[in-house]
Structure formats: structure tokens, C-alpha cells
Amino acid sequence: MREAVDWKTKYRELEAEYEKLLAENKVLKDTIENLRERVEELKKQERPVVSQAPSTVVEEAAAPITTIEELRDTLKRLVTKIAMILQAEKCVIKLYDKETGELVAQPPAFGMSDEEVKVYRTRATQGVSGEAFMSGQPIVINDALSDPRTSKEFVGLLGIRNSLTIPLIVERRDEDGRVVDKIRVGVLKVFNKRYGGNFTDEDVRLGLVLARSAASVIAQARLYLEALEEKRQLEATLESMLVGVLAVNNKGRITVLNQVAAQLLGTPSENGVGTDYKETVKDEKVRDLIRRTLENGEEIVEELVFNVGTSERYFQAQTAPIRGDNNEMIGQVTILSDVTELKRLDQMKTDFVSHVSHELRTPLTSIKGFVATLLADTEGYYDLETRREFLQIIDQECDRLTRLINDLLNLSRIEAGRALELILKPVNVAEIARKIVEIQKNYTSKHQFIVEVKGSVPTIVADEDKVDQILTNLVGNAVKYSPDGGEVRITIEEEPETGGVLIAVKDQGIGIPKDVIPRLFQRFTRVEGRRVVGTGLGLYLTRHLIEAHGGKIWVESEEGKGSTFYFILPPAPPPKEE
Ligand code: ADP
């Protein structure tokens, strides 16, 4: 019996199959639709990549650069984009360095290490970069290894197969946008076209557009770097100044506060800028000066005292208003200059004048006294020996006056910058020392003099009078500054290094305070509170006399124990500079 077909069931099955197919078809249709949309989208995306690329770079150029990090980031994005657009493995900008005449690769680059960038510099007149830079024309190299124009050193080092070099030209425009100037600043280098290709004419055209926008980034970067350098220099100048500088705007905010001012006012400079001066400036007098200048535009000069470390120092405070373009007041500036040294010098000069007057009057009084006594003696009251003694004192006092006047003449000669004239001949220092000791013995009975000559001492070529003056000053001081007497020892020996003579004058006197030693050989230096007369000129002149011979002087001393002055005279003075 044939099995009966259940058509009804069959129909249902077919219907279900059809439904299923329909559903699948819908999925396929959707998928195709989706794919088509994606393709369209991709197509749309692809076009702008090529056609809009240069303008994205231009946008980059328009963004103002305000920090060094931003500049680096901008350059990094720029080289990366150019490499992407031109499908290159490497991209770097080389800038012309006026000082060295080289085209120097600038970090950051794309596809190159910092070390590679550092060494990549070539002469602006040589190689492919040089040719593009000089001619202002782009250059394509298809086979870097065999092309005679390439530098094989860098071809090898950077692994270059082919390249595109485009000159970077910055255009300066006037207000109407007309180009008034074109400056060649460097070249843009793009290496190794990806996927084994070469750089095409299309790449060159694109490269030229990219280079133009790159140049404008560089122009801006240059301006920025110049401004940065100016600012750095200004800051360095402000910081290296020995004066304190403090500026306040008309709202009372501190705009400039250099290290010196900050230290004087006891505020860290980085915390001071931007704050209200009324709170930051603790010194009432300075605050008052700032206020007066801000209120009335007054220019004020005043002397103030600050405690610096443990010492008191004198400062001249000078304030002035800062005016804007229309002469309106936009703030004020205060300059604080340390005048302690000037005041000290001023005081020293005053003291010097009084010491010199005293030094002149003492021998004159004595000369006048003895001469008057001798003149008054018409009866012959004084015997011959006493008269001789008087005359000897007059003679010595005249010598003292002559020495003082010579010192003053030498001082004015040195101050005027004129070299001391030397009359040279062979000199035996030991002999001069012995002679001086004999003279000194006439003035004192409390001191013992010893001249010690160690070994054989060379005869030197020097100015005898001046060597005499040097030793007279040092031995005179040794006597003057050991009021209780003691030994004054002059040691003379050969100085092995120069082949000249080393002389030491040692006393057992009052010594020199440590803090005075650094300025002992400066003019007018005297130790305060000593009752010994003097001008503070002797050691200053002695130093100059020794230095005129090409020698040097120094001292070792301990207060209360005595001093030793050492000096070296070379075998002969150095030849004079014309
Ligand atoms: P003056 O003796 O005319 O004051 P100098 O230039 O010769 O000037 O000396 C400067 C100062 O150095 C002196 O005032 C003195 O205080 C100190 N001085 C110089 N020589 C000695 C010494 N041998 N011992 C101690 N103090 C000295």
C-alpha cells in the first residue's frame, strides 16, 4: 500500500523553510547595506586625509606656542604627520645655524633616535640638503647609495634608501598680507618611502605645501625661542645684579623680585611675585617708599640699614615710577644698592686726609722747634755736640717728610694708572737689608735686628731705591707695630721656583686681626683702635712696588704673637707691555 502524502504537513514545512530563507536574506541584505555604508564612510575618510592634510598642519601653526614642551610637542606632531602623509619612514627638520654655517637636525624627529638627530648636521653649502637650501628647490633622490650627491656617511648611519628634501622658507608679510621678505631657514628631510616605493611628483607637490606650514611653525618657534632667550637673559641679569630690584604694579602686586631684594626683604623670590607688597614687604621703610611712589609718582632716594647675616649693611634705596605708553603710571620700581663699601671708602678717605695732615705736621713741628731753638741761641748756649744732635733730628725728620711725599706721589701715579718707572741694575738684597737695619737702629733701642742669609742668594736685577723702599716700609712697620720691642728678623734666601729671592720680615709685635688680612694690601687700610700713627698707604704701595718687579707679597700673622711678611722678587722684572 502506498503511503499517503500528507500535503498539509508538507506545505507547513515548506512555509517554515521559506520564512527562514526570508529572514536569512534580510540579514544578508542588512549586512550588505552595512558594508556599503562602511565603504562610503571609509571613502569619505580617505579623501580628507590627502586633500585636507596640509590645512591640518596649518592649523597647528596657528596655535600659539607658550611653553618649551608645547614647542616640542608641536614639532613632534608636525614631523609625524608629514611622515604619515608622505608615507615615509623618517622625517626631520634641519635648521640653518648662522654661527657655524651648518644645517642642523632638530629634535624631535620621526623615525630617528635622539643620538642620530644629534650627529646629523651638514654644511649649508654641501650635499643634497645644501643644494636644496641654496637653490630653494626640492630634490628627490631615488637611490641614495649610488647617487653622487648624497653624503654616504649619513646614508649608512641613518639607513637611507631614498629621500625627499624640501627647502623651508619663511615668508614675512606686510599688513596687507603681501610677501615682503623670504628667509631660508633650513630644509625638511623625508626618508625612505614605505612599501618599497619612491617619492613621486605628487609627494613633492604635497611636500611643498607641508613645508610651507612647517616653516610657519618654525618662524613662530623662533620668535618664541627668541622671546624665551630674552626673558632668560633678563632674568639672569636681574639675578646676577648685586643690587636688589623690586617692581610693583599700580594694583600693589609685586611683578619683579630678584634674589638680592628677596633676601633683603626676607621673602623667597618665587613666593613674592604676584603677592601684595603691603603684606610681603616686611620692612616698614621700604613699604613706605613704595607707597609714596605709587601714590604721587615721587622719585625718592634714601639710605637704609639692613641686617645681612650678622653684619649691618648700608643700602641706598631708589624708587621711580614706571610709566606706560601714554605716560600714565603703571607701577613703580625700587632699586636697593649696597653702599657699605662706598661709605667705608669715604670714611677711609676722610681718615686718610686727617692721618696725612698729622703725618706732615709731626715732623714739621719738630723741625720748626729745633730750627727755632738753634736760631734763638745767639749766645752759644748749646755745645757743638748738642747742635749736631739737633741737626741730625732735623735731617731725619726731613727724610720722613720726603718719604711721605714720595708715598703720596706714588699713590697718585698708581691711581692714575701709570706704571711705576723702574731704574734697573744688579741688586744685592742682603746688603740693602743690612743698611736699612743700621738706619732703623737709630730710632729704637727696644728692638733687636737680625739679618739672616740662608745659603747662596742670587743677585737680582731690580730698582735699588724701590727695593730699599719696600724693606724700609716692612721693617718700619715691624718696629712700629711691636711697641714693646722684640726681635725683628729679616731672612733672605733663594726662591727655587722663580730663581729669584724670597724675603721674610718677622716681628713679635701685636699682629693683625684675621678679618683685616684680606684687605691689608689695599689703600687706606688701617686696623681700628690702634694708637700708632700712619696713613694706611705703606703696604698698598709696597705691594705695587713688588708687583712692578713681577713679584708678590703675602702675610702670616696672629694677633698678639707677631707677623711675618713674605715677598718674592724674581731674577728680573718681566718685560714691559707696550
Ligand atoms: P700705616 O702703617 O701707615 O697705617 P700700612 O699700609 O703700612 O699703613 O699698614 C696698614 C695697617 O696694617 C697698619 O695700620 C697696621 O695696623 C697693620 N700692620 C702693618 N704692618 C704690621 C705689622 N708688622 N704688625 C702688625 N700690624 C701691622
Side-chain angles (χ1 to χ4, degrees), residues 57 60 65 68-69 71-170 183-194 198-199 203-204 206-208 210-222 224-225 229:
V57 184
E60 201 94 68
I65 294 167
I68 199 91
E69 288 76 26
L71 177 64
R72 258 189 93 86
D73 286 354
T74 309
L75 280 175
K76 180 89 202 165
R77 276 203 300 274
L78 189 74
V79 286
T80 309
K81 261 185 195 159
I82 295 173
M84 292 300 177
I85 292 165
L86 295 177
Q87 294 184 310
E89 286 174 10
K90 301 167 196 287
C91 177
V92 65
I93 287 165
K94 281 165 94 180
L95 290 184
Y96 179 57
D97 182 345
K98 259 189 270 168
E99 314 244 303
T100 61
E102 286 177 322
L103 289 164
V104 183
Q106 305 293 315
F110 177 80
M112 282 168 71
S113 70
D114 282 352
E115 277 69 40
E116 285 171 338
V117 174
K118 210 183 238 170
V119 296
Y120 186 34
R121 43 172 67 217
T122 49
R123 300 228 50 81
T125 48
Q126 285 166 9
V128 181
S129 297
E131 195 180 321
F133 178 70
M134 301 298 284
S135 67
Q137 296 300 320
I139 297 174
V140 175
I141 299 285
N142 284 327
D143 186 355
L145 254 182
S146 66
D147 198 301
R149 291 171 292 178
T150 58
S151 151
K152 299 301 172 291
E153 180 196 344
F154 291 113
V155 167
L157 185 75
L158 305 176
I160 299 169
R161 294 193 310 275
N162 49 33
S163 69
L164 167 57
T165 306
I166 297 171
L168 288 170
I169 296 165
V170 172
I183 308 158
R184 287 176 295 175
V185 292
V187 290
L188 172 69
K189 303 283 296 187
V190 189
F191 298 120
N192 297 356
K193 181 87 176 176
R194 281 189 194 275
N198 269 323
F199 290 104
D203 290 332
V204 175
L206 213 52
L208 280 168
L210 292 169
R212 206 176 309 141
S213 44
S216 74
V217 173
I218 287 156
Q220 208 209 344
R222 281 207 160 179
Y224 167 68
L225 288 176
E229 177 60 19

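We count residues from 1, following the sequence as given.
With S135 contributing its side chain and Q137 its backbone, the two residues share a donor-acceptor pair below 3.5 Å. Formation of a donor-acceptor pair under 3.5 Å by the Q106 side chain with backbone atoms of V104 is found in this model. A donor-acceptor pair under 3.5 Å is formed between the side chain of K152 and the backbone N or O of T150.
Applying the ring pair (Phe, Tyr, Trp, His ring centres under 6.0 Å) test to every pair with at least one member in residues 72-104, sequence neighbours left out, gives these pairs: Y96-F133. Within the structure, the salt bridge (charged side-chain N to carboxylate O under 4.0 Å, His left out) test picks out the following pairs touching residues 121-150 (sequence neighbours left out): E102-R121, D147-R149.
A144 and I160 make their closest contact through CB-O, 3.6 Å (heavy atoms, listed as atom of the first residue, atom of the second, distance). Minimum heavy-atom separation, A211 to P167: CB-O, 4.1 Å. The heavy-atom pair separating A109 from V117 by the smallest distance is CB-CG2, 3.6 Å.
K81 has its side chain out of reach of F110: every pair of non-hydrogen atoms, C-beta onward, lies at least 4.5 Å apart. In this structure, the side chains of T165 and L188 stay at 4.5 Å or more apart for every pair of heavy atoms. By the 4.5 Å heavy-atom criterion applied to side chains, I139 and I141 are counted as neighbours. Between P138 and L208 there is a side-chain heavy-atom pair separated by less than 4.5 Å. Looking at L103 and L95, their side chains never come closer than 4.5 Å, going by heavy atoms from C-beta outward. With a 4.5 Å cut-off on side-chain heavy atoms, L78 and L75 count as touching. The shortest side-chain heavy-atom distance between I183 and I169 does not fall under the 4.5 Å cut-off.
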Legend entry - Check against side-chain contact (heavy atoms from CB on, under 4.5 Å), L86 and L210: CA-CA 10 Å; L86 295 177; L210 292 169; 4.0 Å; yes
Inset, instruction - Using the side-chain contact (heavy atoms from CB on, under 4.5 Å) rule, take V92 and V79 through it: C-alpha gap first, then chi angles, then the decisive distance, then the call. - result: CA-CA 6 Å; V92 65; V79 286; 5.7 Å; no
Inset, instruction - Carefully, step by step, assess L168 and V187 under the rule side-chain contact (heavy atoms from CB on, under 4.5 Å). - result: CA-CA 5 Å; L168 288 170; V187 290; 5.5 Å; no
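The salt bridge (charged side-chain N to carboxylate O under 4.0 Å, His left out) test applied to D97 returns no partner, not counting sequence neighbours. Every ring-ring contact (aromatic ring centres under 6.0 Å, His included) that F154 has, sequence neighbours left out, goes to Y120. Residues meeting the side chain to side chain donor-acceptor pair (under 3.5 Å) test with S151, sequence neighbours left out: none. Judged as a side chain to side chain donor-acceptor pair (under 3.5 Å), and not counting sequence neighbours, N142 has no contacts.
Between the side chains of T74 and K76, no donor-acceptor pair is found at a separation under 3.5 Å. Between the side chains of K189 and S163, no donor-acceptor pair of N or O atoms lies under 3.5 Å. Checking K94 against T122 by side-chain atom types alone, a donor-acceptor pair falls below 3.5 Å.
Screening N162, N198, D203 for a side chain to side chain donor-acceptor pair (under 3.5 Å) involving K193 leaves a single residue, D203.
To the nearest 0.5 angstrom, L158 atom CG is 4.5 Å from M112 atom CE. Distance check: I82 CD1 to M84 CE gives 12.0 Å after rounding to the nearest 0.5 Å.
Ion pairing between E89 and R161 holds under the 4.0 Å rule for side-chain N and carboxylate O.
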